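Reading through the structure tokens given below for one structure.
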Amino acid sequence: MRRVLTGLFMTLAGAVGAQQAADAVAPEAASVGAFQSLSPEIAQALAVKAAGKSVEADSWMVVAANPHAVKAGADILAAGGTAADALVAVQVMLGLVEPQSSGLGGGAFLIWYDAHTGALTTFDGRETAPLAVTPRLFQDAAGAPLKFFDAVVGGRSVGTPGTPALLAEVHARYGTQNWANLLAPARELAGAGFPVSPRLAQLVAEDAERLASSETTAAYFLPEGRPIAAGETLVNLPYAQTLDVLATQGVAAFYAGDLARSIVATVQGAKGNPGVLSEVDLAVYRVKERPAVCASYRAHEVCGMGPPSSGAIAVGQTLVLLEGFDLSAGPDDVTVRRLIGDASRLAFADRGRYVADSDYVPVPVAGLLDTEYLSERAELLAGDDALPEVTAGAPEFDHALNWTDDEAIELPSTSHISIVDSFGNVASMTTTIENGFGSRLMVGGFLLNNELTDFSFRSHKDGVPIANRVEPGKRPRSSMAPTIVMKDGAPVIVAGSPGGSRIIGYTAQSIIAMIDWGMDPQAAAALPHAINRFGTYDLEEGTSAANLADTLGAIGYETKAAALTSGLHLIAIGDGLRGGADPRREGIALGE
Ligand code: GLY
């Protein structure tokens, strides 16, 4: 029933793939142990992942960051549900068992392939700035930017959540299963309690001081003042109650009524750092359908989310800049790393200058992805050494204003869900509450986002405006890059990752790994990371990527060893389905 995947994986899956598989990041043993007893399918998926292999299936597949969530989605798909149905079940479960990364209090971007029409489209469920904000939201009385966490923790950073509205929209458009039934597994587990995962326990312990800033949040994550421990059972009755309300009244009950009033009271009443979110902001929130943004790379169309995300533009620019270069020597080759690193820097320079919410500022999307513009930019890559300096280019842009470079800070966070259903529909959704544990404010059993800190804290520099400045009703620029790669009109790769602005590099590398290096999804997800956004080369500590420090240093890069915790969830679609879940996180792939 599936189209055969021509070329990809078969022709190039030789030396490079085999060698890199040996260098791959291994799954954390603690995470494997924590989930093994949940079900035989989960135990098997964990074993396949631990062996560094992709999960194979014929009909449907789901890959996400936590086995409970993947199982919830798999049950829906096995019962004949669509990818939209499964997406709802996976997301509401992630909001319970991986609450630090995404949930009802956050936002998401989805790219959807409709098997019936053969069309791609995207849904923007990004959080939105309250109507009462000013461009000085994140500045002190003297106009200086606030310290990052002074801005994050509390109500000031909370934007109107978009995830509930996005789930309702795609369910209404593409779902076939009863809405309440999709929420039921998460509702039941919230009431019965779930075992705290090793990753959640570790992150709570690391963030205990900030989590203690709100009484409700502290009572949940720090009972009796101590961080919840791995394996402990965590019951979330407020979340069960929220899901009950959404099951019976639909998501309208999130955007108006008691729940909306509680959200507003929590944000406006945040001690020391209140926000301005109002009931009007919730009432007027809308999901926006936008055209997919695509770039051609080696006879594939790499498609994803346009503004307000920078994801598809920056991933696309990186790949198109590399189109004329031979990357076949693989990821341990210093020239290949120079090319990928400097292509990424060029893309980040343009991103910093031009990309923001296109409903508020003109964004030259076509100009930034124009092949003539990019082939001129690619000439900069022709030397042997690191580019000494990288600045934004001058794409065709019918706009009289100059922008100056953005200063938004984006720290790693977020989650990614990849799904293919038995009808051939494909969903790739990256979902977030921004920083780990978001604003640290909790209401209705879920955390509220701090997405507004994805805006630039400064609105101007030297009198020149910044495109991604705070404005009422605007959506902050994102790096989320939910991706579907098409070949000959059919989807062949589903990709995406969490990781703050490193999402762009993680996602681009996974596509290069699968197209240029012939890797299967698990090998691509486990490939060590080397990421360059702004000049310094971040090399994943404890992996073979860190061994590149001397050779990259010799050609002019500063390098830094860093924990590069991607969460790549990949599916290859061809003669069957193959799925890989990032070994750095707790996720799995399940399929049938
Ligand atoms: N807050 C993560 C992103 O939108 O890129």
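This is a predicted model, so every value here is computed, not measured. Side chains included, hydrogens not; waters and symmetry mates left out as well; all remaining heavy atoms used. Note that ligands are numbered from 1 as they come in the structure, with each ligand's atoms numbered from 1 the same way. For this chain, numbers begin at 1 and follow the sequence in order.
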Report task. Check the side chains of Thr160 and Glu127 for a donor-acceptor pair under 3.5 angstrom, ignoring hydrogens and angles. Result -> no
Query raised in the report: At a 4.0 Å threshold, what atoms of ligand 1 neighbour a non-hydrogen atom of Glu451?
Result: 1 (N), 2 (C), 4 (O)
Query - Per-atom contacts, ligand 1 versus Ser479 - under 4.0 Å to a heavy atom - result: 3 (C), 4 (O), 5 (O)
Query raised in the report: Considering residues, nucleotides and ligands other than Glu289, do more than 12 of their heavy atoms fall under 6.0 Å from its CD?
Result: yes
Query raised in the report: Counting heavy atoms only, which part of Glu127 comes closer than 4.0 Å to ligand 1: side chain, backbone, both or neither?
Result: neither
Query raised in the report: Do Ser415 and His569 have side-chain N/O donor and acceptor atoms under 3.5 Å apart?
Result: no
Query raised in the report: Do the two ring centres, one from Tyr285 and one from Phe254, sit under 6.0 Å apart?
Result: no
Query raised in the report: Between Thr414 and ligand 1, is there a nitrogen or oxygen pair with a distance under 3.5 Å?
Result: no
Query raised in the report: Would one find an N or O of Arg477, backbone or side chain, under 3.5 Å from an N or O of ligand 1?
Result: no
Report summary line: ligand 1 atoms nearer than 4.0 angstrom to some heavy atom of Met480 are 3 (C), 4 (O), 5 (O)
Query raised in the report: Is Glu206 atom CD crowded by more than 12 heavy atoms from other residues, nucleotides or ligands, each under 6.0 Å away?
Result: yes
